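Here is the naming used below: chain letters follow the sequence lines, and residue numbers restart at 1 for every chain. What you see is a predicted model; the values in this text were computed from it and never measured.
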Number of protein chains: 2
Amino acid sequence: MKNFYCEYSKFHVAIDCIIFGFTGGKLSLLVQKRSFEPAKGQWSLMGGFVRKDESIDEAAHRILFELTGLADLYMEQVGTFGEIGRDPGERVISVAYYALIAPEKYDTGNIRNHNACWMDMDNVPKLIFDHDDMVAAAKRRMREKASVSPIGFNLLPEKFTLSQLQSLYEAISGSAMDKRNFRKKVASMKFIGTTGEKDKTGSRKGAVLYRFIKEEYDKEPEFKIL
Amino acid sequence: MKNFYCEYSKFHVAIDCIIFGFTGGKLSLLVQKRSFEPAKGQWSLMGGFVRKDESIDEAAHRILFELTGLADLYMEQVGTFGEIGRDPGERVISVAYYALIAPEKYDTGNIRNHNACWMDMDNVPKLIFDHDDMVAAAKRRMREKASVSPIGFNLLPEKFTLSQLQSLYEAISGSAMDKRNFRKKVASMKFIGTTGEKDKTGSRKGAVLYRFIKEEYDKEPEFKIL
DNA sequence: TCAAAAGTGTTAAGTTTACACCCATGA
DNA sequence: TCATGGGTGTAAACTTAACACTTTTGA
């Protein structure tokens, strides 16, 4: 026997990316008008096929880079979707990843080139195949992770106000929070510190700008919000 | 263009199963001596390749059935492992699933036929390839899920004592619990009810046997232990 | 009769929730 | 001067954690 494996079937393996953004107090999703058959012209997640010379994580980063021009996005695998008929074109097994992208990093030009656009999270059109399931799974996973790990900062600009931070977590959890209780909790987190600067764009009074201090978090990596 | 997909690479896709058991107050793992190259004779997870005519979930159930003879095990996908050199034989992308198996269901004969055996959880030998990573990920996922959903009962016999239940959750969480606090919590869960029977094997006095009442749980599906 | 596991309540500490007003500023 | 978002503390409700002795019974 030269190679035990060769008698088994091989499959196309794809990556699909659920790309979350946050602007104007709302979560949004980056979706794409599909430019090839099957389902050409319909809305879908950004995706692509895994190549021989890359791991699946590398493939996910490459695909995301092609669309956004950004190489260092926070990404996490959600799960793999392998129903037989999920892609009517041909059997494809697809690994879903979610990514978090900060508004300051949006490269509108690059995104437009790919027929992609941001859609308000609770107003996403019907997507092709099982992409709606992928989005649902990604939301669930992202929410769980965000409640227990400081990944949310990847959705905010480097410097942010406490009101922004609160509205982010309200959007993630889908429920309103008490301002004073929220600020009390933030005050107890040494890894969220003031920059000394003020943001005057959001109010007449101006709000203090805070930042996430990774070095502090790494000293004592505990996080619990929501 | 006849088929847009055909220019892309195809991959072997495998399933690897992390099979958890619980006996004698300890979690255990079902591992297998590999009967083919590469890495023949070394310890590995139970696995197999996905076939053309089945979804990946179906493949996972099939593989588990071949080993255990059981069709209705609790299973959940952990994640997909796709590093290029993870299998030195050939490029294989592998989807890991964990399964929970109750001691009363152990079919020792069938398991032996597959060169498989139960290993005490914190005494598992070094496994091939990235199987140790898979086990670590599965443990993490199983613990998280078990703390918030009543999947643990899949590791117990139909009828169990409160001491058994407590030692299960101690094993899952890796930390001791207070007996009175634990029983208080259990008492507040309407979906854990007494059977009226007693188990005399574990002590002279005998302990009341309880059971998980799915119908009750479904009425008000909330669970929080640990 | 005694060893071994089963069973049983109370209190203190900590956490979470609810709640309302003053401040600073630019228009 | 006033409309707008920014900022601040306290008390009650609830949850969690700590803790030790009595019961039953087979060997």
For this session: For residues K159(B) and D199(B), determine if any side-chain heavy atom of one lies less than 4.5 Å from a side-chain heavy atom of the other.
Result: no

Exercise. Which residue pairs pass the ring pair (Phe, Tyr, Trp, His ring centres under 6.0 Å) test when at least one of the two sits in residues 155-185 of chain A, sequence neighbours left out?
Worked result: F153(A)-F160(A)

Exercise. Which parts of residues 161-170 of chain B get close to DNA chain D, meaning a heavy atom less than 4.0 angstrom away?
Worked result: none

Exercise. Which heavy atom in K198(A) sits nearest to a heavy atom in V208(A), and how many Å separate them?
Worked result: CE-CG2, 4.1 Å

Exercise. Any side-chain heavy atom of F20(B) sitting closer than 4.5 Å to one from L29(B)?
Worked result: yes

Exercise. Bend angle of the helix from dT1(C)-dA27(D) to dA27(C)-dT1(D) from five-pair axes at both ends, rounded to 10°?
Worked result: 0°

Can you give me every donor-acceptor pair (side chain of residues 114-125 of chain B, partner residue at least two apart or in another chain, under 3.5 Å) with its distance?
residue, atom, partner, partner atom, Å
H114(B), ND1, N110(B), O, 3.0
H114(B), NE2, E66(B), O, 3.4

Exercise. Taking only residues two or more places apart in sequence or in another chain, which ones pass side chain to side chain donor-acceptor pair (under 3.5 Å) with S35(A)?
Worked result: none

For this session: Quick one: closest heavy-atom pair of S167(A) and G25(A), and the distance?
Result: OG-CA, 4.0 Å

Problem set entry | Start and end of chain A contact along DNA chain C [non-hydrogen atoms, under 4.0 Å] | dT17(C) to dA27(C)

For this session: Taking all non-hydrogen atoms of both residues into account, name the closest pair between H61(B) and A71(B) and its distance.
Result: CD2-O, 4.0 Å

Exercise. Excluding sequence neighbours, so at least two apart, what forms side-chain contact (heavy atoms from CB on, under 4.5 Å) with A39(B)?
Worked result: R34(B), Q42(B), I128(B), F129(B)

For this session: Specify the residues of residues 174-194 of chain B, ordered by number, for which at least one heavy atom lies under 4.0 angstrom from an atom of DNA chain D.
Result: D178(B), R180(B), N181(B), K184(B)

Exercise. For R180(A), what residues pass the side-chain contact (heavy atoms from CB on, under 4.5 Å) criterion, not counting sequence neighbours?
Worked result: D178(A)

Using nucleotides 24-26 of chain D, report all nitrogen or oxygen pairs with the protein that are shorter than 3.5 Å.
residue, atom, partner, partner atom, Å
dG26(D), N2, R204(B), NE, 3.4
dG26(D), N3, R204(B), NE, 3.3

Problem set entry | Full working for side chain to side chain contact (heavy atoms under 4.5 Å, CB included) between L67(A) and L30(A) | CA-CA 10 Å; L67(A) 174 62; L30(A) 191 55; 3.5 Å; yes

For this session: Determine whether Y97(A) and I56(A) make a side-chain contact, defined as any pair of heavy atoms from C-beta on separated by less than 4.5 Å.
Result: yes

Problem set entry | Pairwise side-chain hydrogen bond (donor to acceptor under 3.5 Å, both in side chains) hits with a residue in residues 207-223 of chain B, at least two apart | K214(B)-D218(B), E216(B)-K219(B)

Exercise answer: donor-acceptor pairs, residues 73-81 of chain A side-chain atoms, under 3.5 Å, sequence neighbours excluded:
residue, atom, partner, partner atom, Å
Y74(A), OH, E76(A), OE1, 2.9
E76(A), OE1, Y98(A), OH, 2.7
Q77(A), OE1, T80(B), N, 2.7
Q77(A), NE2, T80(B), O, 2.9
T80(A), OG1, T80(B), OG1, 2.4

Problem set entry | Distance-only donor-acceptor check, side chains T161(B) and S163(B), under 3.5 Å | no

